[in-house]
Each structure stands twice: as structure tokens, then as C-alpha cells.
2 protein chains.
Amino acid sequence: MDDVIARLECAEHLDALQAVIEWLRDYYAVDDMVYHWVSSNGEQYGCGTYDPKWVARYLEKGYLRIDPVVIGCYQRFHPVDWKRLDWSSKAARSFMQDAAEHGIGHQGYSIPIRGPNGQFALFTVSHSCDDDQWASFTELNRRDLILLAHYFNQTALKLEPGRKPEPTQPLSPREVETMTLLAVGYSRAQVAETLAISEHTLRVYIESARFKLGALNTTHAVARAMARGQIIV
Amino acid sequence: MDDVIARLECAEHLDALQAVIEWLRDYYAVDDMVYHWVSSNGEQYGCGTYDPKWVARYLEKGYLRIDPVVIGCYQRFHPVDWKRLDWSSKAARSFMQDAAEHGIGHQGYSIPIRGPNGQFALFTVSHSCDDDQWASFTELNRRDLILLAHYFNQTALKLEPGRKPEPTQPLSPREVETMTLLAVGYSRAQVAETLAISEHTLRVYIESARFKLGALNTTHAVARAMARGQIIV
DNA sequence: CTCTGCCTCGCCAGAAATGGGGAGTTGGAA
DNA sequence: TTCCAACTCCCCATTTCTGGCGAGGCAGAG
């Protein structure tokens with residue numbers, strides 16, 4: 001354990017993560033171990049021991065938005081056993097079958113991790129065995145896995161800062177107020193009234209915020225401002 | 001330390017948190033200790049040892065959206081010393097002065113905590129002393145404070161589940177796709193084209209999503225869907 | 001002192017979104 | 001089988017948003 005942490009701390013490239021996760025897979029003697037970062041801008045980064053064919057298929061099919069593991073963990077705080085997720089939808093079922101055909105174990109345990117600016121990542125361990133064996137495994141290693149998950153994420157954050165610092169030009173106070181009120185459902189007219197300014201002035205703020213955020217329209221601007229933590233809704 | 005964790009684990013009401021945090025303040029012999037939850041719906045919950053007058057003023061003045069501690073931590077992953085935050089804006093300066101006048105120590109260390117559905121909370125310890133003393137204090141207790149912060153948050157989450165489960169009616173797959181594409185800046189026409197459906201059909205999805213999300217307009221709907229983790233952008 | 005960023009205001013025309021109406025299919029649940 | 005939720009399509013009128021034009025004041029940085 002300490003050995004792994006030391007390795008992570010001296011890692012200088014993401015390849016190191018890949019090596020560590022493979023080592024961990026062998027150490028725990030499980031089928032698969034995966035770290036999967038779903039960055040706030042919709043890109044993904046992952047390392048792990050899944051079959052590359054499955055990874056490619058996952059990306060190609062856009063499974064990110066279907067995968068009940070991602071969706072379920074995104075809405076949870078605590079680690080979760082795959083059995084407790086919602087697999088009832090048709091999309092989820094076909095996804096599960098596709099995964100099984102690519103050799104993904106039916107037991108899994110995933111740890112959600114959150115970082116700055118809405119960063120979200122998953123640390124997953126998966127295996128094929130019966131429920132009892134799996135339950136005792138997760139029970140035994142839960143604490144370590146959680147720690148590992150967070151160390152992994154911190155290392156990834158350290159190594160990949162080039163991934164989020166999309167030049168986040170700060171918004172002016174008025175722009176922040178504007179975006180915030182828009183995010184809670186006010187129309188432009190209502191926002192203008194609330195801020196006691198003309199609707200035209202308001203438009204200037206929206207436009208400048210849109211420009212700073214690199215957004216194509218108001219909705220996009222609000223979404224980006226939220227995703228980047230520039231407004232708190 | 002273990003004593004505190006035990007107390008938290010058997011807590012059955014938020015009052016218990018208040019008691020624990022007061023105990024901690026005395027234990028660490030610092031001026032103030034605060035847990036501050038900024039829930040995803042904009043409400044707040046906090047417990048701590050700040051002067052109630054200051055808390056009232058904080059709420060009344062809407063300092064939540066000015067406080068550099070909140071803003072700074074929201075965009076960070078690691079705990080941060082207040083000195084490293086951005087106090088340059090005018091609003092921040094007048095906020096700082098106001099805080100000082102209410103007896104808030106000028107040294108502070110805040111730990112950002114994140115939870116499901118965009119939950120965000122802060123665990124802060126604050127004191128009045130010189131920089132060297134403060135540096136050695138935080139250096140010495142950093143690990144414990146981080147642990148405490150997360151235990152506090154987990155307890156608060158456990159005790160206050162009634163705070164977020166705003167009946168989150170699930171969105172249908174098409175609705176999710178629609179909201180997601182809108183969030184990344186597509187216009188209705190572009191979304192319709194992308195999904196290969198008529199623009200009118202698209203409208204039906206937007207409207208039903210808006211209804212399910214209790215949103216007043218498209219921008220609001222996207223913001224809520226994001227805040228609730230129903231779409232991942 | 002100039003320059004830049006922020007805040008404020010006005011008018012107009014075209015593009016986009018919204019609200020309300022109606023209508024048909026499909027597939028799964030009761 | 002019947003019912004419901006999800007998905008698909010069309011028209012019309014109104015409201016709202018967006019883009020482009022121009023303008024002034026005020027504070028802080030260089």
C-alpha cells in the first residue's frame with residue numbers, strides 16, 4: 001500500500017498510472033481495475049486493465065452517457081457495488097450484455113471521486129466470482145480502495161493540469177449575478193428588473209460573459225459557468 | 001480523534017454536530033471551527049463557533065457569493081490557507097474588513113468537500129496568531145482536519161437526506177440527450193438535426209424535461225439537470 | 001494622463017424560442 | 001387487452017433573444 005502511494009507520488013507521467021494500476025490488479029488478484037476520469041468538459045481519460053477493444057467500443061458507442069456505473073456514481077457519495085445500481089433500463093441492459101461479451105466481470109465496486117471545477121472520476125475494481133466471495137472482498141478492502149482512488153485522482157490531477165485550465169477568464173461581479181439569476185430560471189427581463197438595470201445593459205453582461213466563457217448562447221454560458229464553478233447554484 | 005468519529009457516527013441530529021464542533025474548537029484551542037454546507041440548490045446549512053451576529057450578517061448580506069473562501073475552495077481540490085486566496089477584489093476587501101470587525105481571526109484554513117449531486121461543503125478552522133504559529137499548526141494537523149472534514153460531511157449527509165431528494169423525476173433517454181446537447185451550446189435546430197428528429201419533436205422533449213425538472217425555461221432546465229447530475233457535461 | 005475594464009443606456013430588425021392546439025406509432029406494464 | 005410512457009410529426013401566433021449600431025461616466029493600472 002505505502003509502496004503504491006510512493007510510486008504515485010513520484011509519478012511524472014500518466015503512463016506511470018497505467019503501470020501502477022496493472023500492478024494493483026495483480027496484487028489484489030482481480031480481473032480488472034480501472035481509473036476513469038470524466039472531465040468537466042466532457043472529455044475522458046482513463047487507465048486500467050480492460051481489454052482495449054472494450055475501451056474502444058465504449059468510446060465509440062458513447063457508453064459514457066448510458067453506463068449505469070457512471071450515472072449511478074455521479075449521483076452518489078459513497079462507493080457502490082454494481083449490484084445496487086439501476087440496471088432496469090433497456091439501454092443499461094444492452095450495455096451490460098455488451099460488456100459481458102467483452103469479458104467484463106459481473107461483479108464490480110466503484111468509487112466516485114470529485115475534484116475542482118466539477119471534476120468527476122471513478123475508480124473501479126471488477127471481477128468474476130459469486131456474490132459471497134465478492135462481498136467479503138469488498139468488505140475487506142474497501143478502506144484501501146477508497147484511499148487508492150483518491151491518491152490516483154490526485155496524481156492524475158497533478159499530471160494533467162493541462163486538461164482543465166481552459167483559460168478561465170474571471171467573470172465580473174455583474175456578470176456573475178447575471179449568470180446566477182439566469183441559472184435559477186429568471187428571464188432576461190426579470191434579471192434586469194432584479195438587478196435594477198435596463199434590459200439592454202443586462203444584454204451587455206450576458207454577451208461579455210458569453211464571450212469570456214467561450215459560449216455559443218446563453219444556455220451554454222450558464223452551463224459552462226456552472227461547470228467551471230464560476231457561479232454557484 | 002477516534003472519540004470524535006465515534007460521536008459523529010452515533011449522531012442522530014444536527015445538534016450533535018454543533019456540540020462536536022464546539023468540542024473540537026476547544027480541543028485544538030483555536031478561535032473558531034466551522035462546517036458550512038452550500039447545498040446544490042443554493043440553500044445553506046452550517047454549524048460552528050462563529051458569533052451568531054456574524055452568521056446572521058453573512059446570510060443577510062449574501063456574502064456566500066462574495067466570500068473568497070467559498071469561491072476559492074469551490075475551484076480547488078486541496079485544502080487551502082486563506083492567505084493563498086484571492087482577496088484583491090473590492091468586494092473581497094470589504095468582506096474581509098467586515099469579518100474582522102465581527103471578530104473573525106485573520107488566519108484560516110479551509111477544506112473543500114464535495115458530495116453527490118454537486119454538493120459542496122467547507123470545513124474551516126480559523127484563528128488569530130502570527131504566520132509562523134499558524135503554519136506549524138496547519139502543518140501539524142492537516143491530516144486530521146481533512147479526515148474530520150469528511151466525517152463531518154458524511155454525517156451531515158446522513159442526517160440531512162431530506163435536503164436534496166427534491167423528487168428528481170428521471171429524464172427519459174431522449175430528454176437527457178436533448179439537455180446535454182443544449183448544455184454544450186447547440187441551438188434547438190442543431191440539436192434536432194443531431195438527433196435526426198424534427199424540431200417540433202425536440203420541443204416536446206424540452207418541454208417535458210422542463211416539466212420534470214420544475215424549470216421555468218430551457219436555461220433553467222439545463223442548469224437544474226446539471227446540478228442534479230442528470231446530465232454530465 | 002491615457003488606456004483599459006466595468007457599468008450604464010438607447011434603437012432596430014431578424015432569428016430563435018415559447019405556448020397552445022392536435023395526432024399517430026410502439027413497446028412494455030397492468 | 002387495455003393503458004401509459006416514450007417517441008414521432010405538423011401549424012400558428014406571440015414573446016424573447018440575439019446581433020449590430022452608437023454613447024457616456026468612472027475607477028484603477030501603467
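The chains referred to below are lettered A, B, ... by the order of the sequence lines, with proteins before strands, and numbering in each begins at 1.
Atom CZ in A:Phe211 sits roughly 16 Å away from atom C1' in D:dG20 (whole-Å rounding). The nearest whole Å value for the distance from the CD atom in B:Glu207 to the C1' atom in C:dG21 is 12 Å. Here C:dA17 presents its C1' atom at 19 Å from OH of B:Tyr186, a figure rounded to the nearest Å.
Looking at heavy-atom distances under 4.0 Å, B:Ser208 makes no contact with the nucleic acid at all.
With hydrogens and angles ignored, a donor-acceptor pair closer than 3.5 Å exists between the side chain of A:Arg203 and the base of D:dG20.
If you check the side chains of B:Gln107 and B:Asp131, you find a donor sitting under 3.5 Å from an acceptor.
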Might you work through the side chain to side chain contact (heavy atoms under 4.5 Å, CB included) test for B:Val30 and B:Thr49, ending with a clear yes or no? CA-CA 10 Å; B:Val30 289; B:Thr49 61; over 6 Å; no

Is there a side chain to side chain contact (heavy atoms under 4.5 Å, CB included) between A:Ser126 and A:Val34 once you walk through the steps? CA-CA 8 Å; A:Ser126 154; A:Val34 180; over 6 Å; no

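Pairs of residues two or more places apart, or lying in two chains, that qualify as salt bridge (charged side-chain N to carboxylate O under 4.0 Å, His left out) and include a residue from residues 97-107 of chain A are A:Arg57-A:Asp98.
Using a 30° and 60° split on the angle between ring planes, A:His36 and A:Tyr58 fall in the perpendicular class, above 60°.
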Protein heavy-atom contacts under 4.0 Å, written 5' to 3' over nucleotides 3-9 of chain C as B (base), S (sugar-phosphate only) or - (none), form the string ---SSBB

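A salt bridge links B:Asp81 with B:Lys83: the distance from a Lys NZ or Arg NE/NH1/NH2 to an Asp or Glu carboxylate oxygen falls below 4.0 Å.
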